[in-house]
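Letters A, B, ... mirror the listed sequences (proteins, then strands); counts begin at 1. Model, not experiment: these values are computed from the prediction.
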Amino acid sequence: MSNNSTDLKKIISHCKEYGYVFPSSEIYDGLSACYDYGPFGVELKNNIKDYWWRSMVRLRLDVVGLDSSIFMHPDIWKASGHVDAFNDPLIDNKDSKKRYRADQIVENYIDKIVAKVDKEIKKAEKRFGDNFNKNQFIKTSDRVQQNLKKINETKELLNKYLADEDFRSLKKLIEDIGVVCPVSGTSNWTDIRKFNLMFSTKIGSVADQASQLYLRPETAQGIFVNFLSVQKTARMKIPFGIAQIGKSFRNEIIARQFIFRMREFEQMEMQFFVKPGQEMSWFDYWKAERKKWHNTIGFNDDVLKFHDHENLAHYANAATDIEFKFPFGFKELEGIHSRTDFDLRSHERHTNKKLQYFDSEINDHYTPYVVETSIGLDRMFLAVLCNSYKEEPIKDGIRTVLNLPPILAPFKIAILPLVKKDNLPDKSKEIYNKLKSNFSCYYEEKDSIGKRYRRQDALGTPFCVTIDHETLDNDTVTLRYRDSMDQVRISIDELIITINNKLTI
RNA sequence: GCGAGUGUAGCUCAGGGGUAGAGCACGACCUUGCCAAGGUCGGGGUCGAGGGUUCAAAUCCCUUCACUCGCUCCA
C-alpha cells in the first residue's frame, strides 16, 4: 500500500514538474480538489477528447454530437431527482451502512413518544370509565408529563438545530435520546452531513429579483431535454445516440486523490436511445464496445475490470462500471447504465410535453429507453498517465518515461539539432516548419543530446528527430524511438510516412 | 465533517533564539558532441499568514489558513 501511494505521489509530482497538472490557485495556497492542466496536460486532455469523439461520433453513423449549456432551467434538476435527493441533512449508521435523514429519525422518535402518551391516556380512559377527565389526567400523570416535556424539548431542540444548521448538536441530540438504527440496532452514527450536491448560483442583475440556478451535476440532462430537437434535425432513427463532452460540478463532501475526484470535472457521455425491451442487448453491446475502446488505448485486461452494480440508482435497471487499476486500487473509470425511460418520462411529466419517437416500422409512438456510457475525462487522463509512467532501470541509473500511446502524446515529434552550432539549428527549424502542420512538434536545442532525449522520454514524446552534419548534405535524420531507444537513419520524406502510420487508429 | 501529519529557493530537504543554507533545477558564457554526469559566473526566499514572549523569532507560545493521508458516495 505504501508503494501504491508513493506511485501516485510520483505521478503527481511528475505532472507538476513536466507541465501536465498544477494545483489550482497555488500562489494563494491552493484550492482543495481543484487542478489546472498545464501546457502539456491540455494537449493530452484534448487528444483524449478527440480520440473519444472520433470513436463515438465521427466513426459511427448512429451517434451525433451535442454541446448543451452548463446553466439549465432549474426545474430540470427537479425532474432528474437531483434537487430532492441531495438537499437534506443525512446521517449514516456505521454498522448497517444505512443512511437516514437526520431530521426524520428524530421526528420518528417524537412520534413514538406521542404514541406512548396516547396509549397511556387510552389506558386511563378505560380504567376511569365515564368519570375520566382527560385534561386533568394529563396534568396530573407524572409519566405523561415527563413524556410531554420530552416531546416539547426534543421538538424545540430539533427545530433550533435545523434552523441554525447546527448538525453537531443535532447529532448529540440523536445520541442523547438514544435512537438506534432499525437494521443494526446500534447507535454508532456518523456525523451529520448536508449533501448540497449541486452548486447554486444566481441569474439576473438585481439580487433580490435573481432566480436560483445550478451548475449541472451531469451532462446527461442536457442530452435528454434536447432529445427531440436532435432527433428531428439530424433525422436520426432509433436506435441512435447523442454524445457530449463537457464540464460538470459536484459539491463532493470529500474530494481527493488528485484529479480522480474533483468538484469541477469533465465528462464524456453518450446517451443511446433504443426501443423499449431492447435495452438489455444494447447494454451488453455498449459494455463490449467500450471495453474494446479501452483496450485500443493500451489498457490491458489486467488493469480493467467490470463491476456490476447491485444497488441501482433511482433511474437505472442495470448498471456496470469499467474499473481501472489505479495506484490506489481498482476504481470506477466509466459507467454504463441502462437508464430505462426514467429521464424522458420525468421530463414529460414536468413539462407536459411529449418526448416520444414515432417508429414507422411498428407505426406507433413510444418513449425510448436509454443506455448511457459515461466516462470521466479527468479520470481517463489519470488512468492514461498511471498506465504510462515507468521508471526503467538502465545502466547507470533509471530512465523515467511516459509510455503514452503516440496518438495521445502532447507532442509526436521532438526536433533536436545535435549541437547548437554549424547551422544545425537553422536546418532543424526548417524541418520543424515542414513537419509542424502534420504533427505537433517540439523544438529544443539546449543541453546535450542525451539529456534532451531523456527529457522527451519524461514528457512522453514518442519520436525524436535529430539533425546532424549529414542532414545538411542529404536530408536524412536520426529517428529515435522513445520506447525502445532504437535509432534509425531515415530521409525526411520517409519520416512523415513512418510516423503517420504509427498514428493511425 | 472527524482524526493524524506537513508548510524554509522551481524540486528534495537541512537548520530548533544571534547576518537565510545544500544538492538538483533555472539563466549566461565556454567546453563536449547520439542517451541526464565538465568549467566559470549569476538570478531567485520578509522561512504559509496574523498575533504574543524576547534586546533579538524561520526557531518558543497562541490563533488562523492551506495542503496531504485515512474514514463514505459518485464520473
Distance check, C1' atoms only: B:G48 and B:G5, in whole angstrom units. 16 Å
Between P of B:U32 and CG of A:Leu418, the distance in whole Å: 13 Å
Distance-only polar pair, side chains of A:His82 and A:Gln221, donor-acceptor under 3.5 Å: no
Between B:C26, B:C35, B:G33, which nucleotide gets closest to the side-chain atoms of A:Arg455? B:C26
Over all strands shown, is A:Gln487 touching base, sugar-phosphate only, or nothing at heavy-atom distances under 4.0 angstrom? base
Interatomic distance where CD1 belongs to A:Ile449 and P belongs to B:A36 [whole Å]: 11 Å
Is the base of B:G51 syn or anti, where syn means the angle lies within 90° of 0? anti
For A:Thr466, answer base if it contacts any base atom (sugar-phosphate contacts may also be present), sugar-phosphate if it contacts only those atoms, and nothing otherwise; contact means non-hydrogen atoms under 4.0 Å. base
Confirm from the modelled atom types if A:Asp457 and B:C35 form a donor-acceptor pair under 3.5 Å, side chain to base only. no
Distance under 6.0 Å and angle within 45° of the ring axis: does A:Lys287 meet both against A:Phe306? yes
For B:G18, the nucleotide meeting Watson-Crick or G-U wobble distances (both under 3.5 Å) is B:C55
Work out how far the P atom of B:U19 is from that of B:C47, and round it to whole angstrom. 15 Å
Pairwise C1' distance, B:G21 and B:G44 [rounded to whole Å]: 14 Å
Partner lookup for B:C34, please. Criteria are Watson-Crick or G-U wobble with both distances under 3.5 angstrom; report none if nothing qualifies. none
B:A75, B:C35, B:C34: which one has an atom nearest the side-chain heavy atoms of A:Met485? B:C35
Nearest non-hydrogen partners of A:Phe224 and A:Gln271, listed with the distance: CZ-OE1, 3.4 Å
Looking at A:Glu334, A:Glu289, A:His337, which one forms a side-chain contact (heavy atoms from CB on, under 4.5 Å) with A:Thr373? A:Glu334
Nearest-Å distance once atom P is located in both B:G45 and B:A20: 14 Å
Tell me the interatomic distance from A:Lys9, atom NZ, to B:U68, atom C1', rounded to whole angstroms. 7 Å
For B:C47, the Watson-Crick or wobble counterpart (both distances under 3.5 Å): none
Which part of the nucleic acid, if any, lies within reach of A:Phe381 when heavy atoms closer than 4.0 Å are counted: base, sugar-phosphate only, or nothing? nothing
Value in whole Å for how far the P atom of B:C11 lies from OH of A:Tyr20: 19 Å
Judged by each residue's nearest nucleotide on RNA chain B, which is more toward the 5′ side, A:Arg489 or A:Lys446? A:Lys446
Is_stacked (A:Tyr453, B:A36) at 5.5 Å, 30 deg: no
Rounding to an integer number of angstrom, what distance separates B:C55 and B:G16 when you compare their P atoms? 22 Å
Does a donor on one side chain sit under 3.5 Å from an acceptor on the other, for A:Thr476 and A:Arg489? yes
By nearest atom, which of the nucleotides B:C34, B:A75, B:U32 is closest to the A:Asp468 side chain? B:C34
Pair A:Phe240 and A:Phe272, ring centroids less than 6.0 Å apart: no
Could you state the NZ-C1' distance from A:Lys451 to B:A37, rounded to the nearest angstrom? 8 Å
Hey, does the side chain of A:Lys420 come within less than 4.0 Å of B:G33's phosphate (OP1/OP2), counting only N and O? no
If we take the C1' atom in both B:A57 and B:G52, what is their distance in whole Å? 11 Å
Using whole Å, report how far CG of A:Asp447 lies from P of B:C29. 13 Å
Tightest non-hydrogen contact, residues A:Phe22 and A:Gly38, listed as CE1-CA, 3.6 Å
Pairwise P distance for B:U63 and B:C2, with rounding to whole Å: 16 Å
What's A:Glu334 touching, base or sugar-phosphate or nothing? Going by heavy atoms closer than 4.0 Å. sugar-phosphate
Taking atom types as modelled, find out whether A:Ser68 and A:Gln244 have a side-chain donor-acceptor pair closer than 3.5 angstrom. yes
Atom pair distance, as rounded to whole Å: CD1 in A:Ile467 and C1' in B:C34: 12 Å
If we call it a pair only when both distances are under 3.5 Å in a Watson-Crick or G-U wobble match, what pairs with B:C11? B:G23
Could you give the distance separating B:U59 and B:G18 at their P atoms, to the nearest angstrom? 11 Å
Record whether the side chain of A:Arg480 comes under 3.5 Å of the base of B:C35 through a donor-acceptor pair of N or O atoms. yes
Re B:C29: Watson-Crick or G-U wobble partner, both distances kept under 3.5 Å, found to be B:G39
Could you tell me whether A:Leu333 contacts a base, only the sugar-phosphate backbone, or nothing, with contacts defined as non-hydrogen atoms closer than 4.0 Å? sugar-phosphate
For B:G3, the nucleotide meeting Watson-Crick or G-U wobble distances (both under 3.5 Å) is B:C69
Rounded distance (Å) that lies between atom P of B:G10 and atom NZ of A:Lys16: 9 Å
